[in-house]
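Only heavy atoms go into these numbers, but all of them, side chains included; no hydrogens, no water, no symmetry mates. Count residues from 1 along the sequence. Since the model is a prediction, treat every value here as computed from it, not as a measurement.
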Amino acid sequence: IGWRSALIEYGSGSSEKTRILLNALHAKRALSAYVPVDISADFLETVATDLRATYPGLPILPVAADYSHAVPLPPLPDDTERRVMFFPGSTIGNLTLPEAQGFLREIATMLGPEGRLILGADLEKDKAVLELAYDDPEGVTAAFNKNLLVRMNRELGADANLDAWAHRAMYNEDRGRVEMHLVSRAEQTLTVCGRPFHFEGGETIHTENSYKYTPTAMRQLAAKAGFRFHKRWTDPKAWFSVESYHVVSD
């Protein structure tokens, strides 16, 4: 990360995981600022207030924004030497490969010369492990998937019967991704925004993809977006990785 760096985090949420990093860096006075970016403005400001009390002297500069589009950064302290993006979760896997490359290229442009990236990625692993993770016995992921129907009913005037749909998760090995579907249990018509959609029994709504990477594929993706690989960390089973990259200077 280096000294006098501005740490930027997309999708910061409660910043709980980030505190591990902030604790170490703030103790060394290594940071010039922390810039949490999240879509919920009220929640973000509450978190920022708590962070300011926890890390006195560290400028906390929250930005309420949708980071799927270019995010304008606030003015950074004059002594900032570089910008560092902290993106350690597996969110990159929710994007198609062209989308992921474009997203990382936007980050490289925003970080500029001397910029650095800390990027998390879920790695390829046994199909049974992946499918169990996305179709857990507790039904957590199933409820998450069916919540799309709940929101359709609430926000789009749909008439979905949740019991008429089943959750399905499967690993598509050819495409290197877990696919989530909502499966129609029987022939039915779903009305959304006043428009009818007919489904046969067994027909699905493809709701989400989660791409899994090999270390080589991750590095190739980052390289095409303007980053140079620096270092990699992984768990003992090599199921998940966190990698650091430097922006390639022209």
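Here the side chain of Thr80 pairs no donor or acceptor atom with the backbone of Ala6 at under 3.5 angstrom. A donor-acceptor contact shorter than 3.5 Å is absent between the side chain of Arg228 and the backbone of His246. The closest donor-acceptor contact from the side chain of Ser244 to the backbone of Lys231 lies under 3.5 Å. Panel note: side chain Asp136, backbone Gly139; a donor-acceptor pair is recorded below 3.5 Å. Under the 3.5 Å distance criterion, the side-chain polar atoms of Asn172 are left unmatched by any main-chain donor or acceptor of Glu179.
Looking at Glu9 and Lys17, a side-chain N of the basic residue comes within less than 4.0 Å of a carboxylate O on the acidic one, giving a salt bridge. Remark: Glu124 does not engage Lys212 in a salt bridge, criterion side-chain N to carboxylate O under 4.0 Å.
With sequence neighbours left out, the side chain to side chain donor-acceptor pair (under 3.5 Å) criterion links Asn161 to no other residue.
Using cut-offs of 30° and 60° for the angle between ring planes, the Tyr245 and Phe227 rings count as perpendicular.
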Please tabulate, one pair per line, all N/O donor-acceptor pairs under 3.5 Å involving side-chain atoms of residues 48-59, not counting sequence neighbours.
{"unit_1": "Thr49", "atom_1": "OG1", "unit_2": "Glu45", "atom_2": "O", "d": "3.0"}
{"unit_1": "Asp50", "atom_1": "OD2", "unit_2": "Arg19", "atom_2": "NH1", "d": "3.1"}
{"unit_1": "Asp50", "atom_1": "OD2", "unit_2": "Arg19", "atom_2": "NH2", "d": "2.8"}
{"unit_1": "Arg52", "atom_1": "NH1", "unit_2": "Glu45", "atom_2": "OE2", "d": "3.2"}
{"unit_1": "Arg52", "atom_1": "NH2", "unit_2": "Ile60", "atom_2": "O", "d": "3.0"}
{"unit_1": "Thr54", "atom_1": "OG1", "unit_2": "Asp50", "atom_2": "O", "d": "2.9"}
{"unit_1": "Tyr55", "atom_1": "OH", "unit_2": "Asn23", "atom_2": "OD1", "d": "2.7"}

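Looking at Leu123, Val129, Leu130 one by one, the single match for side-chain contact (heavy atoms from CB on, under 4.5 Å) with Trp239 turns out to be Val129.
Using a 4.5 Å heavy-atom cutoff, the side chains of Asn94 and Glu208 are in contact. Leu21 places a side-chain heavy atom less than 4.5 Å from the side chain of Leu7. The shortest distance between side-chain heavy atoms of Trp165 and Leu149 falls below 4.5 Å.
Between the side chains of Glu203 and His198, no donor-acceptor pair is found at a separation under 3.5 Å. Checked by atom type, the side-chain pair Thr109/Glu106 shows no donor-acceptor distance below 3.5 Å.
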**Asked** Under the ring-ring contact (aromatic ring centres under 6.0 Å, His included) criterion, do Phe103 and Phe87 qualify, and how do the steps go?
**Response** CA-CA 12 Å; Phe103 176 67; Phe87 201 60; 5.4 Å; yes

**Request:** Let me see the working for Phe240 and Trp233 under ring-ring contact (aromatic ring centres under 6.0 Å, His included), right down to the final yes or no.
**Result:** CA-CA 9 Å; Phe240 192 90; Trp233 298 266; over 10 Å; no

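Using a 4.5 Å cut-off between side-chain heavy atoms of Ile, Leu, Val, Met, Phe, Trp and Tyr, with links allowed through other members, Tyr213 and Ile107 fall into the same hydrophobic cluster.
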